[in-house]
Amino acid sequence: MQFVFKRRFPEAFPVIYMKKIILLFCLPFLIGSCSQYQKALKSEDMSVKYEAAVKKYEAKKYSKAIRLFEQMAPAFRGKPQSEKMFYMYAQSYYKTEQYYLAGYQFESFVSSYPKSEKVEEAAFLEGFCYSKLSPVYSLDQADTYKAINKLQSFIDAYPNSTYLPEANAVLKKLTDKIEKKYFEIAKQYNTISDYKSALVAIDNFISDYPGTQFKEAALFLKLDSAYKLAINSVPSKMEERYKNAKIAYNGLMKFKDNSQYKEKADEMLAKIEEGLKKYAK
């Protein structure tokens, strides 16, 4: 008896086989595409570079487009396609989250093409990019201030912009960060028992940021600092400092009579009043 063995292939084989066939058909195209890109990088012809850069940009291959834009930029200013090219250049940095370079390019675009239909968007993204560079509140806030200035300039220039809600939201977030930084500085003085410096820092903070979200906390911190300064003073200065602490208490209650700090504030007031009895005539 003769046995005939039939080779059995796994069910997935046809799918794998088809993928290989597709890859073989696509390979020449992929090689050709890479070859064209490499040729564009090496070419001295700006039109060749420009065409290749646009293709990469439209294909969302922004990193490759950037390499071409970097080569083209010095020689491209003043040419008919320069406006479009520099807009794509800035957007490519933005899309790859290179916010410092993107911010610089958008800033340059706004300055160079003030009549462009893209100038409003570029002006917004200029400030937005710098906001992305803003560090945590405890670090140097140079980029935060730059972003605030850029966004405020945008809001002033384009009060009816569709980007206005987002610009205002980002601006508020940045301003809150600056406020928190200076509030925390005042708080730190209190923590290390430098109550005089704390009081100066708090007064400056409230003066600079009258509408701050930290106002209630700042007013309580002022009371706490004034009270602790009073009870730790030499006898000759206690009366005046108790009175200043009572003024601080009244300031907190005037701002918010049902303050979340009222219980602690009332305890301090009771001790302040007790301390002042010593000086009553």
Side-chain angles (χ1 to χ4, degrees), residues 29-135 141-171 173-174:
F29 172 77
L30 294 172
I31 294 172
S33 177
C34 292
S35 177
Q36 288 174 5
Y37 175 68
Q38 291 300 324
K39 285 179 180 178
L41 285 173
K42 296 175 183 178
S43 176
E44 298 295 327
D45 189 335
M46 291 297 120
S47 63
V48 172
K49 288 184 184 294
Y50 179 77
E51 184 179 348
V54 171
K55 285 182 179 178
K56 292 300 179 185
Y57 178 84
E58 291 177 347
K60 299 183 179 180
K61 298 185 182 297
Y62 301 114
S63 294
K64 288 189 173 183
I66 286 171
R67 291 186 64 190
L68 290 163
F69 290 138
E70 287 173 341
Q71 292 181 347
M72 295 158 55
F76 225 73
R77 294 192 181 278
K79 294 195 174 184
Q81 307 100 322
S82 63
E83 180 184 325
K84 181 179 179 181
M85 193 281 286
F86 281 105
Y87 172 79
M88 291 188 294
Y89 191 14
Q91 279 285 3
S92 294
Y93 279 132
Y94 175 69
K95 296 294 186 181
T96 52
E97 299 183 359
Q98 298 181 70
Y99 295 118
Y100 180 81
L101 293 170
Y104 173 80
Q105 288 299 331
F106 281 124
E107 186 175 7
S108 178
F109 183 89
V110 170
S111 176
S112 300
Y113 307 101
K115 296 182 180 179
S116 170
E117 63 177 14
K118 298 291 187 180
V119 71
E120 180 182 328
E121 178 190 9
F124 167 70
L125 289 175
E126 175 189 349
F128 186 76
C129 285
Y130 286 116
S131 78
K132 288 290 189 178
L133 299 171
S134 174
Q141 296 298 308
D143 285 320
T144 305
Y145 281 115
K146 190 167 188 176
I148 288 172
N149 291 334
K150 294 291 183 184
L151 287 167
Q152 189 59 62
S153 294
F154 169 78
I155 291 167
D156 293 341
Y158 302 98
N160 299 313
S161 173
T162 55
Y163 298 103
L164 194 63
E166 189 173 1
N168 280 323
V170 175
L171 185 61
K173 185 177 179 181
L174 296 172

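Met46 has its side chain within reach of Lys79: a pair of non-hydrogen atoms, C-beta onward, lies under 4.5 Å apart. Contact annotation: the side chain of Tyr57 approaches that of Tyr87 to within less than 4.5 Å [non-hydrogen atoms, C-beta and beyond]. Inter-residue side-chain proximity for Ser131 and Lys173 is flagged as unmet; no heavy-atom pair is nearer than 4.5 Å.
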Practice item. Output, in order, the C-alpha distance, side-chain angles, deciding distance and verdict of ring pair (Phe, Tyr, Trp, His ring centres under 6.0 Å) for Phe76 and Tyr50. Key: CA-CA 10 Å; Phe76 225 73; Tyr50 179 77; 5.6 Å; yes
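A donor-acceptor pair shorter than 3.5 Å cannot be found between the side chains of Ser43 and Asp45. Side-chain contact annotation: Tyr94 with Gln105, donor-acceptor N/O pair under 3.5 Å absent. With no hydrogens or angles considered, no side-chain donor-acceptor pair links Tyr100 and Tyr104 at under 3.5 Å.
Ring orientation note: the planes of Tyr163 and Phe154 are nearly perpendicular, at an angle over 60° on the 30°/60° scale.
Proximity of a side-chain donor or acceptor of Ser92 to a complementary backbone N or O of Met88 within less than 3.5 Å is detected.
Listed by chain and residue number, nothing satisfies the salt bridge (Lys or Arg N to Asp or Glu O under 4.0 Å) test with Glu83 (two or more places apart in sequence, or in another chain). Applying the salt bridge (Lys or Arg N to Asp or Glu O under 4.0 Å) test to Lys55 and every residue at least two apart in sequence or in another chain returns Glu51.
Remark: Lys118 is not positioned above the aromatic ring of Phe109, lacking an NZ or CZ atom under 6.0 angstrom from the ring centre and at most 45 degrees off the axis.
Remark: Lys56 NZ to Ile66 CD1 distance equals 13.5 Å, nearest 0.5 Å. With rounding to the nearest 0.5 angstrom, the CG atom of Leu171 is 5.0 Å from the CD1 atom of Ile155.
Results of the side chain to side chain contact (heavy atoms under 4.5 Å, CB included) test with Glu126 over Lys150, Lys146, Glu121 single out Lys150 as the only residue that passes. Phe69 pairs with exactly one of Tyr62, Tyr89, Phe86 by the ring-ring contact (aromatic ring centres under 6.0 Å, His included) rule, that one being Tyr89.
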